[in-house]
Amino acid sequence: MPAVDRPIGMFDSGFGGLTVARALIDLLPGEDLVYIGDTGRYPYGSKPLDEVRSHALELGHSLVDALDVKAVVVACNTATAAAIDDLREQLPVPVIDVVGPGASALVRVSRSGRVGVIGTVGTISSGAYPLAVAEAASNAGASVELTSAACPGFVEFVERGQTTGDEVMVLAERLLAPVRSAGVDTLLLGCTHYPFLARTIADVMGPDVVLVSSADETAFAARDRLGELGLLREGSAVGRHRFLSSGDVDVFRELGSMLLGSELDATSRWPLPT
């Protein structure tokens, strides 16, 4: 198959990357898409980074070797922090991450320069965002002060389909206290699961704080990169979307359809490596 007609590949630990998939489908409706949700081994945020790196490389190679994709979007902040350099070194296709585009948007949107990022324990402890935000600020000629906070438990709520309610609100108030105290005016949702909790996060942070999701920015970055390489499809045909799960396919289809839409009606099994 000509490279331009191959699908765009994506992977995430579970459902969070569906926010990026939604943005890509809306932005590039003519592109085929293959998404793997590694729900058989989620969540990634509390795992050692070496273990996450191993999973990410398995997923990336599967997308390229077995599913013949033309690009890989790492729709997971923890996997990006753990494995992006290895993925780019090993895979023979462009690899787009979620950290860089999100950091650039964070710096661009802030008015005061006091910014925050929230993410999983793995993402925050990796130090990926301070580096990415510093680079984005340098490129923009801006001065920023970054406050980071890990939010263990957020992913698990989303994976259960529980995105509102008293339990979520109490946890959010406790975990978001550091970024609230820092007086940030812009907060990056540094996990692709977190946009599903945006309403609760916004209520806790207040109306003066702008929430930035990396999903749309990552979709724009993918479009720009594929365009530079001449890999964007032309024409008005509607792309085909394929979703795979390493865990319970029925659960993935049911919850994923609630979060993404009818595109998830056709879901199949991605076999875990033995």
Side-chain angles (χ1 to χ4, degrees), residues 8 10 12 16-17 19-20 23-24 26-28 49 52-53 56 60 70-91 93-120 122-151 178-179 182-192 194-195 198 201 205 208-232:
I8 298 170
M10 300 179 60
D12 179 50
T19 57
V20 185
L24 267 173
D26 292 342
L27 183 65
L28 303 173
L49 288 182
V52 175
R53 183 179 300 110
K70 63 184 176 184
V72 171
V73 178
V74 186
C76 175
N77 285 266
T78 306
T80 295
I84 192 63
D85 291 338
D86 292 318
L87 287 164
R88 286 181 171 146
E89 180 180 341
Q90 295 186 25
L91 299 182
V93 298
V95 179
I96 297 97
D97 71 280
V98 291
V99 170
S104 296
L106 180 69
V107 171
R108 185 173 66 249
V109 171
S110 177
R111 305 174 304 279
S112 68
R114 293 191 301 275
V115 299
V117 60
I118 55 175
T120 66
T123 296
I124 298 303
S125 64
S126 74
Y129 269 108
L131 290 174
V133 169
E135 181 178 357
S138 177
N139 292 339
S143 176
V144 298
E145 179 182 339
L146 176 67
T147 301
S148 304
C151 294
V179 288
V184 304
D185 72 351
T186 311
L187 179 66
L188 175 61
L189 308 182
C191 173
T192 52
Y194 293 179
I201 294 170
M205 295 302 299
D208 295 330
V209 177
V210 177
L211 302 186
V212 174
S213 168
S214 58
D216 289 340
E217 301 300 325
T218 302
F220 290 134
R223 179 199 60 187
D224 294 346
R225 183 66 177 137
L226 292 175
E228 292 169 0
L229 297 172
L231 292 176
L232 283 177

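Rounded to the nearest 0.5 angstrom, Arg114 CZ and Ser143 OG are separated by 11.5 Å. Separation of atoms CG (Leu146) and CG (Leu106) is listed at 7.0 Å; rounding is to 0.5 Å.
Proximity of Val99 to Ile84: side-chain heavy atoms (C-beta onward) are nowhere separated by under 4.5 Å. The closest side-chain heavy-atom distance from Val107 to Val115 is not below 4.5 Å. Contact of the Tyr194 side chain with the Ser213 side chain is not registered, since no non-hydrogen atoms from C-beta on lie closer than 4.5 Å. A 4.5 Å side-chain heavy-atom check between Val20 and Val73 finds at least one atom pair inside the cut-off.
Among residues at least two apart or in separate chains, salt bridge (Lys or Arg N to Asp or Glu O under 4.0 Å) pairs with a member in residues 72-90 are Arg53-Asp86, Arg88-Asp97.
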Got a list of side-chain donor-acceptor pairs under 3.5 Å for residues 214-232, not counting sequence neighbours?
from   : atom 1 : to     : atom 2 : distance (Å)
Glu217 : OE1    : Arg108 : NH2    : 3.3
Glu217 : OE2    : Arg108 : NH2    : 3.4
Thr218 : OG1    : Ser214 : O      : 2.7
Arg225 : NH1    : Glu228 : OE1    : 3.3

Anything under 3.5 Å between a donor and an acceptor, one on a side chain of residues 127-140, the other on a protein residue two or more places apart or in another chain? List them.
from   : atom 1 : to     : atom 2 : distance (Å)
Tyr129 : OH     : Asn77  : OD1    : 2.4
Asn139 : ND2    : Glu135 : O      : 3.3

I'd like a table of donor-acceptor pairs (distance under 3.5 Å, sequence neighbours excluded) in which one partner is a side-chain atom from residues 183-190, with atom names and distances.
from   : atom 1 : to     : atom 2 : distance (Å)
Asp185 : OD1    : Ser110 : OG     : 2.9
Asp185 : OD2    : Arg111 : N      : 2.8
Asp185 : OD2    : Ser112 : N      : 2.8
Asp185 : OD2    : Ser112 : OG     : 3.3

Candidate pair Thr147 and Val117, rule side-chain contact (heavy atoms from CB on, under 4.5 Å), full reasoning: CA-CA 6 Å; Thr147 301; Val117 60; over 6 Å; no

Apply side-chain contact (heavy atoms from CB on, under 4.5 Å) to Val72 and Leu87, showing your working. CA-CA 9 Å; Val72 171; Leu87 287 164; 5.9 Å; no

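For Asp26, the salt bridge (charged side-chain N to carboxylate O under 4.0 Å, His left out) partners are Arg22, not counting sequence neighbours. Not counting sequence neighbours, Thr192 has no partner by the side chain to side chain donor-acceptor pair (under 3.5 Å) test. Evaluation of the side-chain contact (heavy atoms from CB on, under 4.5 Å) rule for Leu49 yields Thr78, Ala82, Ser126 as partners, not counting sequence neighbours. Taking Thr80 as the reference, nothing meets the side chain to side chain donor-acceptor pair (under 3.5 Å) condition, with sequence neighbours excluded.
Counting all heavy atoms, side chain and backbone alike, Gly17 lies closest to Asp12 at N-OD2, 2.9 Å.
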